Amino acid sequence: MNQLLKKLRKYEIMIRKVANNHLQGDYQSIFKGAGLEFDDLRPYQYGDDVRTIEWKVSAKGHGTFVKTFKEDKDQSVYFLLDISGSQDIGEDGRKKIDLGKEIAGVLTLAAIFEGSQVGLISYSDQKENILLPGKGPKQGVKMIQGIFNHQNKSLKTNLKEMFTFGLNLIKKRSIIIVISDFIDEGYERPFKALAEKHDLVAIQLTDPRESLLPSLGIIPVYDKEEGRTTWVNTAFGGFSKKISQTFTTEREHLKELCKKNQINYLAIDTQQDIVGPLIEMFKYRNKSMKRG
């Protein structure tokens, strides 16, 4: 556990250091300034974010008004961590599940460092581990243990249930960071509902094997979620090409869904170092907050 904490702390310091350098010291973290409470109304000014327009008041015909917010000092950061069997792809120590846990761990330390409340929902097709938000070093250790020491009850996936569970549990506006490969169907409605109610970040984990399946003839493919092996002819009817196209189409669908619903989207591949992409996300969110 000590070695793990050292590694995560090193990543977290790197992220803060590089983000600071990139933003010339004018750095708002991923966690600050997004947990906001409604404060007042004021007339619309050129450059205001259209999402802050209060349409009901504006419709009365006395001008266009926007909502103003003040920072919520007790905002929470929740990690919705998908720990289903489909995450168990990649090289040893660099599987999607390993990457997901590392990202959750690094961002937990960053949030704790900045005084945010941090909570965890680990999910498969059922709730696996729930940690309600808390502050300080003790909560940080609890979170890291909860992320890395948990033994699964199930290996199946149900993102629709995970997002619905999150909607029902998290009542107050929070930052919610979803870490998943998003390999599932029918989750869009509760996912969009989460984005309407909260500040949502979607981190999609991918592995090259998912889209680059070589033509190897008839091979056994083990489905970890179902616990069974199926024999597949990879040389038949452009099978590999179809797999690749499906992967690309699903990824584009998720990106488009995030774009339409103001959800920060980030894809991280198991071959990548996690620090670079996370810094890019920090920078993007920082710019968005300034625009807002």
Side-chain angles (χ1 to χ4, degrees), residues 30 34 50-51 78-90 95-97 99-100 103-104 107 121-126 155-168 170 175-214 221 223-226 230 232 234 237-272 274 276-278 280-281 284-285 287-288:
I30 192 170
V50 292
R51 288 174 291 174
Y78 271 92
F79 294 92
L80 261 63
L81 186 61
D82 174 4
I83 57 171
S84 59
S86 67
Q87 302 277 84
D88 201 26
I89 292 175
K95 292 179 178 178
K96 289 188 288 182
I97 191 75
L99 234 65
I103 291 164
L107 296 182
I121 299 172
S122 291
Y123 217 91
S124 51
D125 64 338
Q126 58 183 272
L155 291 172
K156 295 183 177 181
T157 308
N158 194 327
L159 291 182
K160 183 182 175 183
E161 288 297 318
M162 178 166 90
F163 298 143
T164 303
F165 183 83
L167 265 174
N168 292 332
I170 308 165
I175 294 175
I176 298 180
I177 300 173
V178 179
I179 304 172
S180 172
D181 55 12
F182 287 87
I183 297 176
D184 200 9
E185 293 175 345
Y187 61 80
E188 289 85 353
R189 186 175 284 182
F191 186 56
K192 287 194 276 189
L194 268 179
E196 280 170 24
K197 194 176 168 189
H198 302 283
D199 179 4
L200 195 57
V201 177
I203 300 179
Q204 185 180 28
L205 307 172
T206 63
D207 184 85
R209 281 156 244 234
E210 293 168 318
S211 56
L212 299 171
L213 190 66
V221 176
D223 184 335
K224 188 153 186 177
E225 291 195 15
E226 297 297 333
T230 309
V232 175
T234 59
F239 180 83
S240 302
K241 196 176 175 185
K242 275 181 194 160
I243 289 280
S244 179
Q245 281 171 347
T246 301
F247 176 82
T248 306
T249 305
E250 285 177 357
R251 187 163 165 180
E252 288 306 315
H253 169 66
L254 176 62
K255 280 164 82 171
E256 194 56 35
L257 184 66
C258 290
K259 196 176 170 184
K260 278 182 183 169
N261 293 278
Q262 283 88 45
I263 300 164
N264 289 152
Y265 170 81
L266 176 69
I268 301 187
D269 193 281
T270 55
Q271 306 294 303
Q272 279 180 292
I274 63 170
L278 288 174
E280 286 307 309
M281 183 171 72
Y284 177 77
R285 282 175 63 84
K287 280 180 198 163
S288 300

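These figures come from a predicted structure and were not determined experimentally.
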**OP:** For residues Gln204 and Leu266, determine if any side-chain heavy atom of one lies less than 4.5 Å from a side-chain heavy atom of the other.
**Re:** no

Original post:
Does some side-chain heavy atom of Ile176 sit less than 4.5 Å from a side-chain heavy atom of Asp199?
Top reply: no

Original post:
Quick one: does Leu107's side chain get under 4.5 Å of Phe79's, heavy atoms only?
Top reply: yes

Side chains of residues 183-194: which donor-acceptor pairs under 3.5 Å do they make with residues two or more places apart or in other chains?
from: Asp184; atom 1: OD2; to: Leu159; atom 2: N; distance (Å): 2.8
from: Glu188; atom 1: OE2; to: His253; atom 2: NE2; distance (Å): 2.8

Subject >> Ile103 side chain near Ile203 side chain, heavy-atom distance below 4.5 Å >> reply: yes

Original post:
Leu205 and Asp269: side chain to side chain contact (heavy atoms under 4.5 Å, CB included), yes or no, with the steps?
Top reply: CA-CA 6 Å; Leu205 307 172; Asp269 193 281; over 6 Å; no

**OP:** Check the pair Glu250, Phe182 against side chain to side chain contact (heavy atoms under 4.5 Å, CB included), reporting the backbone distance first and the verdict last.
**Re:** CA-CA 9 Å; Glu250 285 177 357; Phe182 287 87; over 6 Å; no

**OP:** Report yes or no: does His198 contribute a side-chain atom to a donor-acceptor pair with the main-chain N or O of Leu167 at less than 3.5 Å?
**Re:** no

Original post:
Tyr123 versus Asp82: any side-chain heavy-atom pair under 4.5 Å?
Top reply: no

**OP:** Ignoring hydrogens and angles, state whether a donor on the side chain of Ser124 or Ser84 is under 3.5 Å from an acceptor on the partner side chain.
**Re:** no

Original post:
Are Thr157 and Gln87 side-chain neighbours, meaning at least one heavy-atom pair lies under 4.5 Å?
Top reply: no

Original post:
Thinking salt bridges, do Glu252 and Lys255 make one under a 4.0 Å N-O criterion?
Top reply: yes

Original post:
For the residue pair Ile179 and Gly100, what are the closest heavy atoms and their distance?
Top reply: CG2-CA, 3.6 Å

Original post:
Do Asp181 and Ser86 meet the criterion of a side-chain donor-acceptor pair at a distance under 3.5 Å?
Top reply: yes

Subject >> Contact check, side chains of Lys95 and Thr270, non-hydrogen atoms, under 4.5 Å >> reply: no

Original post:
Roughly how far, to the nearest 0.5 Å, is the NZ atom of Lys96 from the OG atom of Ser180?
Top reply: 8.0 Å

Original post:
Does any non-hydrogen side-chain atom of Lys259 lie less than 4.5 Å from one of Tyr265?
Top reply: no

